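The figures here come from the full heavy-atom set of this structure, side chains too, leaving out hydrogens, waters and symmetry mates. Keep in mind the model is a prediction, meaning the values are calculated, not measured.
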Amino acid sequence: RIVVNNFVPKVTPKKNLKTLSYLKKKYKIHKKYFFLPNQYWVHKNHKIVIEALGKIKKMKKEIYVYSTGSSYDYRNPAYFKYLMDIIKEKKLRSNYFYLGVIPYVDVMSLMYHSLAVLNPSFFEGWSSTVEQAKAYNKNVILSDIKVHREQKPIKAFYFNPNNSNSLKNYLIDIYF
């Protein structure tokens with residue numbers, strides 16, 4: 001006998017989420033934004049998001065990404081600083097915001113109020129953020145990897161995790 005246990009994500013009930021005005025005040029967020037809730041580990045591929053934002057900035061367009069998660073990767077302790085240096089070099093400090101490790105209810109609230117949740121990873125296990133986004137019926141912009149396809153989000157947009165142009169186009173299409 002075979003039994004399949006479906007993954008059940010932990011999400012904050014909508015009635016308990018923080019309001020957009022609360023988030024704007026606490027984190028100084030813009031009205032429209034994308035949300036990237038991933039640890040700063042190399043395989044999570046934040047760099048592709050930064051590259052896409054850089055291309056968008058060159059087009060004289062302003063798009064905002066807010067990111068949360070631990071900035072430390074024991075396998076590559078310098079990685080977070082490397083990414084922040086790229087953000088500074090590309091003049092993206094007004095487009096890409098790192099909020100740190102924040103309360104879970106705030107993470108879920110940022111997800112709920114976002115235009116879309118981003119997950120640009122090169123590889124994943126079963127992605128909790130994808131399942132959480134699905135629970136809130138959110139758009140998700142995902143790297144085109146097997147597990148993301150297997151999770152079958154209804155509102156998914158897939159991009160090659162090595163090609164920032166495809167990601168750039170989805171960000172522009174959803175934002176504007």
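Using a distance-only test at 3.5 Å, with no hydrogens or angles considered, no donor-acceptor pair links the side chain of S166 to the main chain of F159. Counting only distance, with no hydrogens or angles, the side chain of Y175 and the backbone of L115 share no donor-acceptor pair below 3.5 Å. In this structure, the side chain of T68 does not engage the main chain of L99 through any donor-acceptor pair within 3.5 Å. Of the possible donor and acceptor atoms, none in the side chain of D144 sits under 3.5 Å from a partner among the backbone N and O of N160. Of the possible donor and acceptor atoms, none in the side chain of D106 sits under 3.5 Å from a partner among the backbone N and O of I102. Under the 3.5 Å distance criterion, the side-chain polar atoms of Q39 are matched with a main-chain donor or acceptor of S70. Remark: side-chain polar atoms of S143 are not paired, donor with acceptor, to backbone N or O of I145 under 3.5 angstrom. The backbone N or O of S121 sits less than 3.5 Å from a side-chain atom of N119, completing a donor-acceptor pair. Put simply, the side chain of Y33 gets close to the backbone of L110: a donor and an acceptor are under 3.5 Å apart. Checking side-chain atoms of Q151 against main-chain N and O of S127 turns up a donor-acceptor pair under 3.5 Å.
The two atoms that bring L142 and A156 nearest to each other are CD1-CB, 4.3 Å, heavy atoms only. The two atoms that bring K32 and Y64 nearest to each other are O-CD1, 3.7 Å, heavy atoms only. The shortest non-hydrogen separation linking G54 to L92 is N-CD1, 3.8 Å.
In the displayed structure, R75 atom CZ is contacted under 6.0 Å by more than 12 heavy atoms of other residues, nucleotides or ligands. Within 6.0 Å of CZ on F157 lie more than 12 heavy atoms contributed by other residues, nucleotides or ligands. Y82 OH: 12 or fewer foreign heavy atoms inside a 6.0 Å radius. Within a 6.0 Å radius of NZ in K26, more than 12 heavy atoms belonging to other residues, nucleotides or ligands are found.
The hydrophobic clustering, which links ILVMFWY residues whose side-chain heavy atoms are closer than 4.5 Å, places M111 and Y104 together. Note on L167 and V42: same hydrophobic cluster, where clusters join Ile, Leu, Val, Met, Phe, Trp and Tyr whose side-chain heavy atoms are under 4.5 Å apart, directly or indirectly. Side-chain heavy atoms closer than 4.5 Å link hydrophobic residues (I, L, V, M, F, W, Y) into clusters, and following such links, even through other members, never connects I48 to F123. Taken together through direct or relayed side-chain contacts under 4.5 Å among Ile, Leu, Val, Met, Phe, Trp and Tyr, I154 and V11 form parts of separate hydrophobic clusters. By the criterion of side-chain heavy atoms lying less than 4.5 angstrom apart, applied directly or through intervening Ile, Leu, Val, Met, Phe, Trp or Tyr residues, V147 is not grouped with L36; the two fall into different hydrophobic clusters.
Residues H46 and Y40 place their aromatic rings such that the two centres sit under 6.0 Å apart. Aromatic pair F122/H43: centroids not less than 6.0 angstrom apart.
Ring geometry for Y66 versus F97: interplanar angle under 30°, hence parallel rather than tilted (30 to 60°).
K47 forms no cation-pi arrangement with Y79, by the criterion of a distance under 6.0 Å to the ring centre and an angle within 45° of the ring axis. In this structure, K138 forms no cation-pi arrangement with Y136, as its terminal cationic atom is not both closer than 6.0 Å to the ring centre and no more than 45° off the ring axis. Annotation: cation-pi pair K14/Y112 absent, no NZ/CZ under 6.0 Å from the ring centroid and within 45° of its normal.
Under a 4.0 Å N-O distance rule, the pair K44/E124 qualifies as a salt bridge.
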Kindly indicate, with the supporting measurements, whether the criterion side-chain contact (heavy atoms from CB on, under 4.5 Å) is fulfilled by S94 and E62.
CA-CA 9 Å; S94 62; E62 298 292 327; 4.2 Å; yes
